[in-house]
Amino acid sequence: SGSDFTVAVLIGGDSSRMGTDKATFEVDGIAMAERVGNAARDAGASEVLLIGSTQAKAKKLTGTWKKDAYPGEGPLGGVITALRAASHNNVVVLSCDMPFLTPAVVTSLVKGLADAQAAVGRTDRLNWLCAAWDTSECLKTLESVWKRKERAVHRAAVLLDVIEVPVPAVAVRNINSPADLEPATDE
């Protein structure tokens, strides 16, 4: 049905600041990538893909592993890999380092695709690794931009009709180092 959608979690990112693999780093006893996948499943995703890293790492997580077609070349390659691999036309692509992601955010991104080719989460800035894509509308454009050596998701997306979806900052807060999990002090 039209409501069926895939969520792809990018698990291959560089984790140098974390000191350990970001995707399997545990927050409250659950790997960060697993927390993102759980939010996706709670939002009704009928397929969860794990993009990048290695099959061995992915085995610790719940989902279907897909090798990144362009490892080490940044997240746009992961987005393209996800859109090609997904069983459904509507695909939400998320970075694995948002352990507080909520099902409501995933749902709102999917809903945004009713009015646009892509829907991106907005806090005080656009969060391009918290976005939904209409594959039939987006994939060829992203691939052609890739061929021209563009590697930034936000610059590739300029060519698409994009809707901005407000999301709570905490839900898309990136955890890049263990210190990021310490309680926030007043700025």
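Given the structure is predicted, the values throughout are model-derived calculations rather than measurements.
Summarising the geometry, atom CZ belonging to F25 is positioned 8.5 Å from atom OG belonging to S177; distances are rounded to the nearest 0.5 Å. With values rounded to the nearest 0.5 angstrom, E137 atom CD is found 11.5 Å from L139 atom CG. The OG1 atom of T6 sits 8.5 Å away from atom CG of N90, with the distance rounded to the nearest 0.5 Å. Distance check, rounded to the nearest 0.5 Å: NZ of K149 to CD of E73 gives 8.0 Å. Atoms CD1 and OG1, on I30 and T24 in that order, are 14.0 Å from each other to the nearest 0.5 Å. Between the CG atom of L109 and the CH2 atom of W133 there is a distance of 11.0 Å, given to the nearest 0.5 Å.
Tracing side-chain contacts under 4.5 Å through hydrophobic residues (I, L, V, M, F, W, Y), one reaches V170 starting from I175; they form part of the same cluster. By the criterion of side-chain heavy atoms lying less than 4.5 angstrom apart, applied directly or through intervening Ile, Leu, Val, Met, Phe, Trp or Tyr residues, V145 is not grouped with V153; the two fall into different hydrophobic clusters.
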| field | Check against side chain to side chain donor-acceptor pair (under 3.5 Å), N38 and R35 | value | CA-CA 5 Å; N38 288 343; R35 292 172 67 104; over 6 Å; no
| request: Would you please test E34 and K60 for salt bridge (charged side-chain N to carboxylate O under 4.0 Å, His left out) and show each step? | output: CA-CA 9 Å; E34 191 75 3; K60 300 176 186 166; over 6 Å; no
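Closest approach of A33 to L61, counting heavy atoms only: CB-CD1, 3.8 Å. T81 approaches A69 most closely through the heavy-atom pair OG1-N, 3.0 Å. Of all the heavy atoms in K22 and M32, the pair that sits closest is O-CE, 3.3 Å. Considering all non-hydrogen atoms of both residues, C96 and A23 come closest at SG-CA, 3.7 Å. Closest non-hydrogen pair, L113 versus A132, comes out as CD2-O, 3.6 Å. Closest of all the heavy-atom pairs between W65 and S53 is CZ2-O, 3.8 Å.
Within the 3.5 Å criterion, the main-chain N or O of L101 finds no donor-acceptor partner in the side chain of R173. No donor-acceptor pair under 3.5 Å is formed between the side chain of E164 and the backbone N or O of L126. Between the side chain of D115 and the backbone N or O of G112 there is no donor-acceptor pair closer than 3.5 Å. With T135 contributing its side chain and N89 its backbone, the two residues share a donor-acceptor pair below 3.5 Å. In this structure, the side chain of N127 does not engage the main chain of C130 through any donor-acceptor pair within 3.5 Å. Between the side chain of D134 and the backbone N or O of S136 there is at least one donor-acceptor pair closer than 3.5 Å. Remark: side-chain polar atoms of R151 are paired, donor with acceptor, to backbone N or O of W146 under 3.5 angstrom.
Annotation: side chain of V165 is not in contact with side chain of V120 (no heavy-atom distance under 4.5 Å). Contact check for L50 versus T64: no side-chain heavy atoms found under the 4.5 Å cut-off.
Checking each of L94, V106, D97 against V36 for a side-chain contact (heavy atoms from CB on, under 4.5 Å) leaves exactly one that passes, namely L94.
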